Each structure stands twice: as structure tokens, then as C-alpha cells.
Amino acid sequence: MSYPLVKRVPHRMLGDMLRMMLSDKLYFDLTLEEGRTLSRAFTAVAFDWRRTDSIYLSPVGSDGEFSAAVTQDGLHVETADGRRHLNWDDVTELAERLAVE
């Protein structure tokens, strides 16, 4: 399986959700609206990374939070399980996959 990856998953209370997977053990379950919001944030920083220092989201369907430092070469995601780097190609791909209709 190739990461990053986005797939739809069901939630018993919240309905359809998007699972943003950065690895087989690191993922975030997002409502469709959270996915669209994160997509817009990813698109904005990929377009002009100098305008912000970080991206943060506390998804309602996940126990963890999404926090990433914006750098010249992509996003450095901070999690309880360590760091994960997303280059700008990864960020752009996630933005496209999270932008659901």
C-alpha cells in the first residue's frame, strides 16, 4: 500500500468519514467537512508556504490531533507516535483526495 492514502470509512454515529492514512499505523478519521477544511488548508500552504507556520485540526472522529509545522520542503507532522514528513507532492495529493463533493 502506498502512503499517504485517503479512503472512506463508516462511523456508527457520524456516518461516512474520510480516513487520512500517513502510514499503516498513523491515520486520522475526519468528517467530510473536516476533510474539505484540511484540503483547503493544504492547498493554501502548498501554494504559498510562507504565510503560515503550522496547521492544526482536532478531528471529532479521532482520538489524536493533527498538527504540522509548515516548512520550505513540506509539512512535518507531529503525533504521539513521532514525526512524519509530507513533501509538497504528498500535501497536494492529500488536498485533492480530501476535497470531497
Side-chain angles (χ1 to χ4, degrees):
M1 195 171 299
S2 177
Y3 296 99
L5 174 69
V6 175
K7 65 180 183 177
R8 280 193 185 241
V9 295
H11 187 280
R12 61 184 171 81
M13 299 293 287
L14 300 172
D16 279 350
M17 299 191 69
L18 298 174
R19 179 165 287 167
M20 180 177 69
M21 301 178 71
L22 304 184
S23 73
D24 59 338
K25 296 180 183 177
L26 178 58
Y27 62 87
F28 301 89
D29 286 346
L30 310 167
T31 65
L32 301 183
E33 186 59 35
E34 288 170 337
R36 286 189 288 267
T37 299
L38 200 51
S39 172
R40 289 190 296 272
F42 283 167
T43 300
V45 296
F47 179 73
D48 188 359
W49 63 270
R50 292 177 187 92
R51 293 195 176 254
T52 190
D53 295 330
S54 64
I55 294 176
Y56 176 84
L57 180 70
S58 180
V60 282
S62 291
D63 291 333
E65 60 192 25
F66 179 84
S67 178
V70 179
T71 68
Q72 183 176 359
D73 60 340
L75 299 178
H76 292 295
V77 181
E78 296 287 337
T79 71
D81 297 324
R83 300 180 92 180
R84 169 87 163 108
H85 177 73
L86 298 173
N87 64 37
W88 290 122
D89 289 338
D90 293 336
V91 173
T92 301
E93 182 178 340
L94 284 170
E96 290 172 6
R97 292 182 179 190
L98 290 169
V100 297
E101 298 177 20

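Hydrogens, waters and symmetry mates are skipped; everything else that's a heavy atom, side chains included, is used. From a predicted model like this one, the values you see are computed outputs, not experimental measurements.
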With side chains defined as the heavy atoms from C-beta onward, is the minimum distance between Thr79 and Arg84 less than 4.5 Å?
-> no
Could you check if a side-chain atom of Leu18 sits within less than 4.5 angstrom of a side-chain atom of Glu34, using non-hydrogen atoms only?
-> no
Between CD on residue Glu78 and CD on residue Glu65, distance to nearest 0.5 Å = 10.0 Å
Can you name the closest pair of heavy atoms from Trp49 and Val70 and give their distance?
-> O-CG1, 3.5 Å
Atom pair CG (Asp73) and CG (Leu86), whose distance is rounded to the nearest 0.5 Å = 10.5 Å
Taking the side chain as every heavy atom from C-beta outward, state whether Tyr3 and Asp24 have any atom pair closer than 4.5 Å.
-> yes
Same hydrophobic cluster for Phe28 and Val60, using side-chain heavy-atom links shorter than 4.5 Å among ILVMFWY?
-> no
Indicate yes or no: at least one non-hydrogen side-chain atom of Ile55 is less than 4.5 angstrom from one of Leu38.
-> yes
Separation between OG of Ser2 and CD of Glu93, rounded to the nearest 0.5 Å | 7.0 Å
List the atom of Ala99, the atom of Ser39, and the distance in Å for their closest heavy-atom pair.
-> CB-OG, 3.4 Å
Would you find more than 12 non-hydrogen atoms of other residues, nucleotides or ligands less than 6.0 Å from Asp53 atom CG?
-> no
Side-chain heavy-atom pair Leu30, Leu57 within 4.5 angstrom cut-off = yes
Can you label the angle between the His85 ring and the His76 ring as parallel, tilted or perpendicular, going by 30° and 60°?
-> tilted
Min side-chain heavy-atom separation Arg51-Val45 under 4.5 Å = no
Are Val100 and Leu94 joined in one hydrophobic group, where the rule is that I, L, V, M, F, W and Y side chains link up if heavy atoms are under 4.5 Å apart?
-> yes
Side chains of Leu75 and Asp90 in contact at under 4.5 Å (non-hydrogen atoms) = no
Partners meeting ring pair (Phe, Tyr, Trp, His ring centres under 6.0 Å) with Tyr27 (sequence neighbours left out) = none
To the nearest 0.5 Å, tell me how far Arg50 CZ sits from Thr71 OG1.
-> 11.5 Å
Which heavy atom of Trp88 sits nearest a heavy atom of Gln72, and at what distance?
-> NE1-O, 2.8 Å
Are the side chains of Met17 and Arg8 in touch, meaning some heavy atoms are under 4.5 Å apart?
-> no
